[in-house]
2 protein chains.
Amino acid sequence: MSARPEALEWSVDNCTVGRAMEILGERWTFVVLREIANGIRRFDDMRVRTNIPRQVLTNRLAMLVEAGVLRKEPYQDPGARVRHEYRLTEMGFDLWPVIVAVLQWGDRYLADPEGSPLSTVHRDCGAPVRSVLRCDAGHEVTNPREVAARPGPGAHRRS
Amino acid sequence: MSARPEALEWSVDNCTVGRAMEILGERWTFVVLREIANGIRRFDDMRVRTNIPRQVLTNRLAMLVEAGVLRKEPYQDPGARVRHEYRLTEMGFDLWPVIVAVLQWGDRYLADPEGSPLSTVHRDCGAPVRSVLRCDAGHEVTNPREVAARPGPGAHRRS
DNA sequence: CACCCTAAGTCTCGTTGACAGACCCAGCAA
DNA sequence: TTGCTGGGTCTGTCAACGAGACTTAGGGTG
């Protein structure tokens with residue numbers, strides 16, 4: 001058996017990564033979030049841009065509203081009836097760090113030679129925004145191998 | 001129409017978020033990555049901990065190897081034949097910022113009252129590691145609403 | 001030698017979800 | 001009255017998921 005990993009001792013059933021992925025892990029969730037983060041808030045705009053099938057988009061949006069990540073807001077274009085658009089809730093805005101991290105990873109490994117079609121900037125100063133890892137002692141983590149996982153306060157042993 | 005969002009002009013078909021999600025967006029991908037980041041590298045250990053069905057785990061691992069996020073490494077326990085375990089590649093290690101960001105979000109919104117079962121620490125100093133957003137001008141982004149999306153160098157207009 | 005054990009898979013089969021394409025419906029406008 | 005538009009629903013097909021049984025390679029045990 002030669003040094004089994006310590007993590008085997010700990011249960012995984014209250015893991016917040018797992019719970020987060022129940023919401024974020026559906027195939028189109030992040031694409032929808034990217035759209036909304038880009039200011040695309042209306043059903044048909046998203047559908048036309050992304051080619052997500054209607055039914056799937058309907059389901060995904062409903063699920064995200066249900067989960068509390070999005071909310072439905074009424075709007076009315078002049079000479080049209082009241083419709084609804086989708087906006088980020090507080091919980092949704094707090095996904096920005098995740099979106100930025102995914103974008104950064106995608107840009108590094110999956111972009112076309114011309115570069116990324118999308119960037120994130122600081123609204124006030126216009127400079128590009130990046131996700132960085134930093135420890136509470138103030139060290140900036142430059143190599144991800146410096147990060148290690150540990151059981152947290154809510155960890156409990158497996159049956 | 002009242003001020004359609006600018007993003008509607010831009011094509012989405014070379015978007016790196018979309019491409020990243022073709023790899024990361026499958027239902028169990030992140031859970032697998034969390035396991036491996038926790039040092040759980042063997043098929044059956046993952047299976048027992050996560051309850052992912054065998055077939056799905058096989059597929060997911062194969063897909064991640066194919067995508068270049070994981071690699072298969074031979075190992076041999078004393079008195080057993082050679083088997084294979086799964087490890088992060090460089091590309092996989094670079095997903096740590098994403099994992100940390102997801103964990104942080106999950107901890108904030110989805111944790112049990114006792115807290116998160118998992119934390120990330122700086123290997124050298126032991127202090128907790130967090131994901132933060134910062135712009136290139138050195139400003140730390142404290143409120144995610146300060147972040148805005150812009151077309152990047154690879155952006156091109158929609159047909 | 002025959003038999004058992006374990007890790008890491010396949011195989012089978014019923015259920016769920018994705019996807020495509022047609023259809024629907026409320027309200028405004030011509 | 002008819003048509004347009006946004007935001008859906010309905011239907012049918014096909015791939016993926018999930019549960020459970022079976023398989024396989026090598027090593028150990030009697």
Side-chain angles (χ1 to χ4, degrees), chain A residues 1-5 8 12-13 18 21-32 35-36 39-67 70-87, chain B residues 1-5 8 12-13 18 21-32 35-36 39-67 70-87:
Chain A
M1 283 297 173
S2 77
R4 307 320 321 287
L8 272 177
V12 93
D13 61 349
M21 292 331 278
E22 277 168 37
I23 300 172
L24 307 177
E26 299 285 335
R27 175 71 184 81
W28 293 108
T29 301
F30 262 90
V31 174
V32 167
E35 289 303 292
I36 294 181
I40 309 292
R41 297 197 259 254
R42 301 182 187 179
F43 188 91
D44 235 48
D45 291 343
M46 289 185 224
R47 200 183 57 77
V48 169
R49 256 171 60 104
T50 60
N51 286 314
I52 301 175
R54 286 162 176 286
Q55 185 112 252
V56 177
L57 185 54
T58 306
N59 292 348
R60 213 48 71 243
L61 288 168
M63 183 273 281
L64 288 169
V65 169
E66 167 88 9
L70 300 182
R71 73 194 141 86
K72 254 175 126 158
E73 198 77 355
Y75 75 93
Q76 186 162 26
D77 278 340
R81 78 187 144 121
V82 174
R83 300 179 194 284
H84 294 268
E85 60 184 14
Y86 296 86
R87 288 163 171 272
Chain B
M1 283 294 172
S2 77
R4 306 320 320 286
L8 273 177
V12 91
D13 61 349
M21 291 332 277
E22 277 168 37
I23 299 171
L24 307 177
E26 299 284 335
R27 176 70 184 82
W28 293 109
T29 301
F30 262 89
V31 174
V32 167
E35 290 302 292
I36 294 180
I40 309 292
R41 296 197 259 254
R42 301 182 187 179
F43 188 91
D44 234 48
D45 292 343
M46 289 186 224
R47 200 184 58 77
V48 168
R49 256 170 62 103
T50 61
N51 285 315
I52 301 175
R54 286 161 177 287
Q55 185 110 251
V56 177
L57 185 54
T58 305
N59 292 348
R60 213 47 72 244
L61 288 168
M63 184 273 280
L64 288 169
V65 169
E66 167 87 10
L70 299 182
R71 72 193 141 87
K72 254 174 124 159
E73 198 76 356
Y75 75 94
Q76 187 162 25
D77 278 340
R81 78 187 145 124
V82 173
R83 300 179 195 285
H84 294 269
E85 59 184 14
Y86 296 87
R87 287 163 172 272

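Just so it is clear, the values below take in all heavy atoms, side chains as well, and ignore hydrogens, waters and symmetry mates. Reminder, nothing fancy here: chain letters follow the sequence lines and each chain counts from 1.
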- prompt: Once you round it to whole Å, what is the distance between P of dA15(D) and CE of M63(B)?
  reply: 19 Å
- line: Separation of dA8(C) atom C1' from E85(B) atom CD, nearest Å, is 13 Å
message: If you define the side chain from C-beta out and look only at heavy atoms, does anything of Y86(A) sit under 4.5 Å from R71(A)?
response: no
- prompt: Taking atom P of dT5(D) as reference, at what distance in whole Å does atom CZ of R4(B) sit?
  reply: 13 Å
Pick out the pairs of N or O atoms, protein on one side and nucleotides 27-30 of chain D on the other, that lie under 3.5 Å.
none

- prompt: With a 4.5 Å heavy-atom cut-off, do R27(A) and E22(B) have their side chains touching?
  reply: yes
field: Electrostatic pair E85(B):R87(B) at N-O distance under 4.0 angstrom
entry: yes
message: Please find the pair of heavy atoms, one from G18(A) and one from V31(B), that lie closest to each other, and give the distance.
response: CA-CG2, 4.3 Å
task: Round to the nearest Å and state the distance from R27(B) atom CZ to dT15(C) atom C1'.
output: 17 Å
- prompt: If we only count heavy atoms from C-beta on, is the H84(B) to L61(B) side-chain gap below 4.5 Å?
  reply: no
- prompt: Contact class for E26(B) (heavy atom, under 4.0 Å): base, sugar-phosphate, or nothing?
  reply: sugar-phosphate
- prompt: Are any of K72(B)'s side-chain N or O atoms less than 4.0 Å away from OP1 or OP2 of dA8(C)?
  reply: no
- prompt: Should Y86(A) be listed as having a side-chain N or O under 4.0 Å from OP1 or OP2 of dG8(D)?
  reply: yes
- prompt: According to a strict under-4.0 Å criterion, is Y75(B) in side-chain N/O contact with OP1 or OP2 of dA8(C)?
  reply: yes
message: Rounded to whole Å, please give me the gap between CE in M46(B) and P in dA7(C).
response: 14 Å
message: Under 6.0 Å from the ring centre and within 45 degrees of the ring axis: does the NZ or CZ of R41(B) meet both conditions for the six-membered ring of Y75(B)?
response: no
- prompt: What are the two closest non-hydrogen atoms of T29(B) and L24(B), and how far apart are they?
  reply: CB-O, 3.7 Å
field: Distance in angstrom units between H84(B) NE2 and dT24(D) P, rounded
entry: 18 Å
- prompt: Using a heavy-atom distance cut-off of less than 4.0 Å, which residues of residues 47-60 of chain A contact DNA chain C?
  reply: P53(A), R54(A), Q55(A), V56(A), R60(A)
Would you mind writing out the side-chain donor-acceptor pairs for residues 43-53 of chain B within the sub-3.5 Å range, not counting sequence neighbours?
unit_1, atom_1, unit_2, atom_2, d
D44(B), OD1, R47(B), NE, 3.3
D45(B), OD2, R4(A), NH2, 2.3
R49(B), NE, E35(B), OE1, 2.6
R49(B), NH1, A7(A), O, 2.6
R49(B), NH1, W10(A), O, 3.0
R49(B), NH2, E35(B), OE1, 3.4
R49(B), NH2, E35(B), OE2, 3.0
T50(B), OG1, M46(B), O, 2.6
T50(B), OG1, I52(B), N, 3.2

query: Rounded to whole angstrom units, what separation is found between the CG atom of D44(B) and the P atom of dA8(C)?
result: 6 Å
Taking every non-hydrogen atom, the tightest pair across R42(A) and D77(A): NH1-OD2, 3.1 Å
- prompt: In whole angstroms, how far is the P atom of dT5(D) from the CG atom of D77(A)?
  reply: 13 Å
- request: Output yes when at least one side-chain N/O atom of W28(B) is less than 4.0 Å from OP1 or OP2 of dG18(D), else no.
  value: yes
